[in-house]
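Order of the sequence lines fixes the chain letters, A, B, ..., with proteins taken first and strands second; residue numbering starts at 1 for each chain. Since we're looking at a predicted model, the values are computed, not measured.
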Amino acid sequence: MHAPDGFLNAGTAVATGAISAGALGMALRQTREQLGDKQVPLAGIAAAFIFAAQMFNFPVAAGTTGHLLGGALAAVLLGPAMGAVVVAVVVVVQALAFADGGLTALGYNVFNMAIVTAFGGYAIFRLLRRILPRNATGVIGATALAAGLSVVLSATAFSIQWLFGATAPVPFDTVFGSMVGVHLLIGIGEAVLSGMAVGAVLAARPDLVYGARDLDRAALADRPAMGMREFVIAGLLVALLFAVVVSQFAAPDPDGLERVAEDTGFAESAQEHALGGGIFADYATAGIGNETLSLAIAGVVGVVITLAVMTGLFMAVRDRRRAAASGPTGDRTAA
Amino acid sequence: MGAGHAHPLYVHEHSPVHRLAPEVKLAAAFAFVLAVAVTPREAIWAFAIDAATVGLVIRLARLPVRFVAARLAIILPFIAFAFLIPFVASGERIDVLGVSVSQVGLWGTWNIIAKATLGAGVSILLAGTTEVPQLLRGLERLRVPPTLTTIAAFMVRYLELLAAELGRMRTAMTARGYDPRWLWQVRPIAAGAGALFIRSYERGERVHAAMLSRGYSGAMPTIDERVASRREWLAAASAPLTAGIAAAVALAVVA
Amino acid sequence: MSHAAVQISGVRFTYPDGREALCGADLRVEHGQRVALLGPNGAGKTTLALQLNGIHRPDAGDVEIGGLPVTDPNLAEVRRRVGMVFQDADDQLFMPTVREDVAFGPANLGLRGDELASRVTKALEGVGAAELADRAPHHLSGGERRRVALATVLAMRPDVLVLDEPTSGLDPAGRRELIGVLQGLPITQLAITHDLPFALELCERAVIVDGGRVVADGATADLLADEELLHAHRLELPFGLDPRTVPPSRPR
């Protein structure tokens, strides 16, 4: 996930850099209002927690391991604004002090790994909270699904950026299909780990879970059991279903499609009407079998990501206003 | 990727590169990788000049070659991906060793390998010659909000501590026979992550109390005020300037 | 001077989660006195200590430091007067280097330049840690860490020193060095501790806190000789120690 330099062109790097800086500035102001002079020590140590949590290798299957990414987990535990700040700090320090992820890639790495996962993940979390029961299990389930989907959302965001800033002639739908496919699997691990980690915090210090602050003690104590094995299997099934749907759009065999296009004399015309060729990288759209459909998907997906991130941002602002209106909170000091 | 190590890359040495002010190094590193990023991929000679420049500065910084090479391995997964490109890419096909691959795809592979390697080289150089607190101070002097750099400083301060707590937790689990192989066996690990979060949060509150006890009122006092000299800026500018000129010439030739 | 170094009267405090930690605590400490705060876990010792510099504020009752009430306008001065050494030195040492950490407090008081530098050097020399100035806190040994934590507080020239479990986790040599440093400090000291020999050696007076209030107060040797009292509050002398045979700590 920590993309090195050279994956996307300079223009995309600069543009995502500007967007990330703007979103981060906003998130910093939000946490400042939320925490006052507690902001620095709490966010700093929470960032150390996320960094350490990424070292938590967990088993996936037959002894292979994965590790947590933590964007959605941070957002549920700390709130979307502080979650985004914390993960962004982790990503920036990993690039500067650990040479992990390129310097010119910082813009899109921060955007995909911190902004999208924290704000997008939190928006999904809140939506799911409305559907799921108002108890501890509901919070855990919403966290898990939001965490899993946030990883997919992040992969999708990268695919969209590829559409604008591809540096190699791999069509958008190939990148999209494989990115989403791989990250669906990663997302299952992320979902299980994040959900259960929030469950553990809820059991011991429910007051520390930002995303469950609306629940009272009785609702928090209500935690119908959820089978571990069932959860994983259900997750796998959802992922599979998703993968099948996505692969319908992504061209599994671009050569084959191309030949069909040539045979039917479609190739030349497709080349010529190069839809929106001005803003999209030529590479990313070249050789796509059904360009209109692909770009339509890209458009819809882009809108969904933007909506999710904006919803998360909006919720962060609104939560603050409400908290400010209902008097001082946030003093959760304990011995 | 990104996991498994809590120690920053800094290599203790007394070289001219180590001595440069951090903001100068940061600005030079960013300018250099940006110049590399806009260099057209056909200009192989320009990348050769860039690589020679990075190599020279690494020599000057007395970073062990093996250390640099080992750290470069972090981009290997992406290089592996880059090698897949010619097979899945579109465009005119040519035969290489009897396998049909895309010609533009090969250029794409080269582009990513060249730029990713150069970029990682610069990052390793920066991280290897600058201690983390210095890096953060440099960022601050380059107008990055101090709140962000201070949060980062606290993260670095407590990272090893938390990583050690994590290690003890894992040891305690292993000591009681926990050896998970499947995803549905992760509950103890997730519970550990939850416990670590609670401990971290409570530590954050204790640190806050300790800060208040010593007169903290929301702003960190600035103590070190060394400002980079013009000579430092000039010396550091030579590397990105070289890359910049190479990129400009290459762009002119291609256009 | 009629006012005491520390005056706590009828302090009650309840945590946000509903736990009542202090219910009417009273304590008066004279200038220059060294007092040990004893009591079982969860008795409210640390909570009481955090009242002294306004980290926690009482729900009822008053706290005064050298005659100055702990109120919002006095908070900065109160925090200068009361130096708090926390139980876990890692909580206290949050800056990248020892020097910056020791400078944090005096810099918040407005000191800069040479004045700040000499404050830092003197504080570190005072605890025998001058050579540690440029080290990173997490690379120090337990004993070094504890002494540096003490220096960060001494750099603010406090009138009252509050120590939370100062000897816990130290090896015997580190403990001995710390006792040496503390005995040489001519200021009021309040030490929360489970280390009864430490209390006996350092402090002429001891109080026992239990259930959120002060339940016993007297000369340390007398309290520690009262086996029944100790037992009632989950305290116990180390095997073989008889406080009556130990020469009493000398009040200065």
So how far is it from [X] [atom1] to [Y] [atom2], rounded to the nearest 0.5 Å?
| X | Y | atom1 | atom2 | result |
| --- | --- | --- | --- | --- |
| C:Phe94 | B:Met220 | CZ | CE | 6.0 Å |
| C:Met95 | B:Phe154 | CE | CZ | 7.0 Å |
| C:Asp91 | B:Glu205 | CG | CD | 11.0 Å |
| B:Leu212 | C:Leu50 | CG | CG | 10.5 Å |

| said: Around atom CZ of B:Arg59, are there more than 12 heavy atoms from other residues, nucleotides or ligands closer than 6.0 Å? | reply: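 Atom CZ in B:Arg59 is not crowded, with 12 or fewer foreign heavy atoms closer than 6.0 Å.
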| query | Are more than 12 heavy atoms from other residues, nucleotides or ligands located less than 6.0 Å from atom CD of C:Glu131? | reply | yes
Please tabulate, one pair per line, all N/O donor-acceptor pairs under 3.5 Å involving side-chain atoms of residues 169-177 of chain B, not counting sequence neighbours.
from     : atom 1 : to       : atom 2 : distance (Å)
B:Arg170 : NH1    : A:Asn57  : O      : 3.1
B:Arg170 : NH2    : A:Asn57  : O      : 3.1
B:Thr171 : OG1    : B:Gly167 : O      : 2.7
B:Thr174 : OG1    : B:Arg170 : O      : 2.8

| query | Quick one: of B:Ala219, B:Ala153, B:Gly204, B:Gly215, who has the most non-hydrogen atom pairs under 4.5 Å with chain C? | reply | B:Gly215
| query | Considering only heavy atoms from C-beta outward, does the side chain of B:Ser213 approach that of C:Ile55 to under 4.5 Å? | reply |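 Counting from C-beta outward, B:Ser213 and C:Ile55 do come under 4.5 Å.
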| said: I'd like to check C:Asn108 versus B:Met211 (side-chain heavy atoms, cut-off strictly below 4.5 Å). Are they in contact? | reply: no
| query | When heavy-atom pairs shorter than 4.5 Å are enumerated against chain B, which of C:Thr97, C:Leu109, C:Val82, C:Leu93 gives the highest number? | reply | C:Leu93
| message | For chain B, which candidate among C:Asn53, C:Val153, C:Thr152 shows the most heavy-atom pairs at distances under 4.5 Å? | response |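 Sorted descending by pairs with chain B, the first entry is C:Thr152.
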| field | Close approach to chain B in residues 136-148 of chain C, criterion heavy atom under 4.5 Å | value |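 Against chain B, the residues of residues 136-148 of chain C that fall inside the cut-off (heavy atoms, under 4.5 Å) are C:Pro137, C:His138, C:His139.
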| Short side-chain to backbone donor-acceptor contact, B:Arg214 and C:Val102, under 3.5 Å | no
| For C:Asp164, is it the side chain, the backbone, both, or neither that has a heavy atom closer than 4.5 Å to a heavy atom of chain B? | neither
| message | Using the rule given for side-chain contact (heavy atoms from CB on, under 4.5 Å), can you reason through C:Asp88 versus B:Arg203, listing the C-alpha separation, both sets of side-chain angles and the distance that settles it, and then say yes or no? | response | CA-CA 9 Å; C:Asp88 184 346; B:Arg203 185 181 289 282; 3.1 Å; yes
| For B:Ala164, is it the side chain, the backbone, both or neither that has a heavy atom under 4.5 Å from a heavy atom of chain C? | neither
| field | Test log, rule side-chain contact (heavy atoms from CB on, under 4.5 Å), inputs B:Arg157 and C:Asp90 | value | CA-CA 9 Å; B:Arg157 164 66 181 91; C:Asp90 277 319; 2.9 Å; yes
